[in-house]
2 protein chains.
Amino acid sequence: MQSNTSDSPTVLVVDDDPKIRRLVAAHMSQQGFSVELAATGEEALEKAPLHQPAAVVLDISMPGIGGFEALERLREWYTDPVIILSATDQEREKVRALDLGADDYVTKPFGTEELAARLRAAIRRAERLSAPDNQSDPVVDATDFKIDLAARLVYKDDEEVRLTRTEFDLLRTLAVDAGKVLTHRHLLQEVWGPEYGAETEYLRTFVKQLRRKLENDPSRPRRILTEPGVGYRLFLE
Amino acid sequence: MQSNTSDSPTVLVVDDDPKIRRLVAAHMSQQGFSVELAATGEEALEKAPLHQPAAVVLDISMPGIGGFEALERLREWYTDPVIILSATDQEREKVRALDLGADDYVTKPFGTEELAARLRAAIRRAERLSAPDNQSDPVVDATDFKIDLAARLVYKDDEEVRLTRTEFDLLRTLAVDAGKVLTHRHLLQEVWGPEYGAETEYLRTFVKQLRRKLENDPSRPRRILTEPGVGYRLFLE
DNA sequence: GGGCGCTCTCACGGATTCGTCACGCTCATG
DNA sequence: CATGAGCGTGACGAATCCGTGAGAGCGCCC
């Protein structure tokens with residue numbers, strides 16, 4: 001997937017019929033997708049690189065650049081799923097579209113739930129592809145130590161460090177905004193909950209623990225820095 | 001893809017109707033696939049790990065283990081495409097199958113050319129995913145013990161260990177994300193269902209059982225580790 | 001219907017972790 | 001140089017979490 005993996009995936013819907021566009025747009029956004037629209041093949045080829053959608057829903061019969069040509073041109077660079085929408089049920093067309101690189105082929109009239117499910121399935125597959133999880137997850141690297149956020153593990157000099165729950169939560173909060181100064185209030189609310197904010201003693205205690213376990217010279221911290229009167233920040237080289 | 005990438009890809013066709021089996025087998029081998037056949041869900045679950053097919057074509061309505069259950073059980077370890085065959089065109093069923101991990105859903109009667117094209121498309125995608133390496137070997141090796149995800153069997157020191165259903169499901173959940181810390185909530189939802197999440201007593205009971213059966217010294221676990229306040233993790237190597 | 005195996009429940013130590021606190025240090029300020 | 005706020009430090013009791021064993025309930029197969 002090429003776009004925002006975190007929030008709702010964007011789907012580019014291409015159809016010359018305004019009714020279909022509205023119908024699909026309404027149902028797909030209701031099903032949790034962000035929707036972009038295009039009325040022609042030309043517009044689709046313009047908007048696709050712009051929005052980097054997680055999938056494209058493409059009508060076959062359109063004036064100008066038709067669905068087949070749009071599909072071919074898209075596939076020159078676009079590797080995420082393309083689902084063909086078509087009014088005809090002809091096997092020839094299906095075979096042609098699929099062999100041109102389409103991921104799926106849905107015939108009008110279609111169920112919106114089904115289309116959504118097929119989109120989910122296609123995007124799910126594409127996500128696995130773009131995340132080549134050969135064992136290693138995204139790792140925050142602080143030279144002295146490394147944090148594997150997905151595995152919830154921390155290494156210092158390639159040796160695993162045992163952190164308690166709160167210690168890790170605090171370190172993670174510092175790490176996701178590494179370099180920035182995070183206020184006492186922000187850290188407390190993030191780790192202990194929204195009803196906290198004034199308990200700076202907690203921070204002192206756990207920052208000390210983290211330094212003891214992670215700093216080369218805990219009495220002279222170089223990674224977890226104090227910003228007097230404000231908060232702390234994690235310094236990555 | 002898990003099997004012979006060079007010659008014609010193997011497709012496992014599962015249907016209780018001999019006519020359909022013959023029909024599909026004839027056309028698919030004509031289209032350049034090697035075909036393996038299974039008449040029931042049980043047989044499919046046996047043959048799939050044996051032949052490591054590049055894709056599975058699965059009928060929904062079968063006596064005994066139906067298509068849905070077969071799909072679920074397959075997806076515990078099988079990552080290559082599964083295309084559902086069904087006599088009914090009901091949207092509910094399509095959505096359910098696709099959300100259970102099916103890659104495509106084809107309604108009977110179907111064009112054999114179309115099925116072949118959908119198979120080609122699905123296999124083409126899967127090939128991109130499993131580039132050079134052997135992808136997820138259905139056997140997880142933890143030196144002390146081995147887990148055969150497809151056969152649902154566990155060996156300790158090359159002797160088979162009898163695990164109950166829940167014990168195995170828990171071990172499998174730990175194994176597919178081996179090395180990572182998995183939260184109580186994640187484990188509970190994965191093994192007991194999405195409506196669970198707070199029942200940590202279950203975990204304690206079943207982790208204890210797993211340790212009793214798999215650890216060399218159950219009182220000093222080296223494989224199934226506790227992360228206090230967070231969850232558990234399976235430690236390999 | 002009886003027996004068996006499995007899941008779920010529960011209560012009790014024991015171990016770990018968390019929150020608390022007092023004290024001493026540092027640094028900016030007047 | 002005195003002062004005080006803010007922070008680091010270490011220790012300790014309380015709260016939490018975990019392992020353990022036993023047993024009740026339940027479904028399944030003989």
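Values reported hereafter were calculated over all heavy atoms of this structure, with side chains retained and with hydrogens, waters and symmetry mates removed. Chain letters run A, B, ... following the sequence lines, proteins first and then strands; every chain starts at 1. Not measured: the values here are computed from a predicted model.
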Practice item. Assess the side chains of A:Thr226 and A:Arg211: does a donor N or O sit below 3.5 Å from an acceptor N or O? Key: yes
Practice item. Using the side chain to side chain contact (heavy atoms under 4.5 Å, CB included) rule, pick out the option among B:Ile147, B:Val154, B:Asp144, B:Leu234 that qualifies with B:Leu214. Key: B:Val154
Practice item. Would you tell me whether B:Ser86 and B:Thr107 have side-chain atoms, one donor and one acceptor, within less than 3.5 Å of each other? Key: no
Revision key, fill the gap. Atom CG of B:Leu188 and atom P of C:dT9 are separated, to the nearest Å, by 12 Å
Study note, to complete from the structure: Result for 5'-nearest mapping on DNA chain C, choosing between A:Arg162 and A:Arg204, is A:Arg162
Check your understanding: With respect to the phosphate group of D:dG6, does any side-chain polar atom (N or O) of A:His184 fall under 4.0 Å of OP1 or OP2?
Key -> no
**Study point:** Among D:dG19, C:dC6, C:dT9, the nucleotide that comes nearest once only the side chain of B:Thr226 is considered
**Key:** D:dG19
**Study point:** 5′-ward residue of the pair A:Gly229/A:Arg165 relative to DNA chain D
**Key:** A:Gly229
Practice item. Identify whether any heavy atom of B:Tyr232 sits under 4.0 Å from a base atom; if not, whether one sits that close to sugar-phosphate; answer base, sugar-phosphate or nothing. Key: sugar-phosphate
Review point. Across the strands shown, which category fits A:Arg212 at heavy-atom distances under 4.0 angstrom: base, sugar-phosphate, nothing?
Key: nothing
**Study point:** Protein-nucleotide distance (B:Glu227, atom CD; C:dC18, atom P), rounded to Å
**Key:** 12 Å
Practice item. Find the distance B:Leu203:CG to C:dC8:C1' and express it as a whole number of Å. Key: 13 Å
Point to revise | Interatomic distance, A:Glu201 CD vs D:dA5 C1' [rounded to whole Å] | key: 15 Å
Practice item. Answer yes or no: does a side-chain N or O of B:Trp192 lie under 4.0 Å from OP1 or OP2 of C:dT7? Key: no
Check your understanding: Atom NZ of B:Lys208 and atom P of C:dG14: how far apart are they, to the nearest Å?
Key -> 17 Å
Check your understanding: Hey, is B:Arg223 close enough to B:Glu215 for a salt bridge, meaning N to O under 4.0 Å?
Key -> no
Review point. Given C:dC8, D:dG8, D:dT9, which nucleotide is nearest the side-chain atoms of B:Tyr202?
Key: C:dC8
Review point. Rounded to whole angstroms, how far apart are CZ on A:Phe206 and P on D:dC7?
Key: 17 Å
Exercise for review: Provide, to the nearest angstrom, the distance between the CD1 atom belonging to A:Ile224 and the P atom belonging to D:dT9.
Suggested key: 12 Å
Review point. Can you check whether A:Arg118 reaches B:Tyr105 side chain to side chain, under 4.5 Å on heavy atoms?
Key: yes
Study note, to complete from the structure: To the nearest angstrom, the CZ-C1' distance between B:Arg220 and C:dA15 comes to 14 Å
Review point. Hey, does A:Thr200 reach any base, or is it just sugar-phosphate, or nothing, if we go heavy atoms under 4.0 Å?
Key: nothing
Check your understanding: Hey, does the side chain of B:Thr166 come within less than 4.0 Å of C:dC6's phosphate (OP1/OP2), counting only N and O?
Key -> no
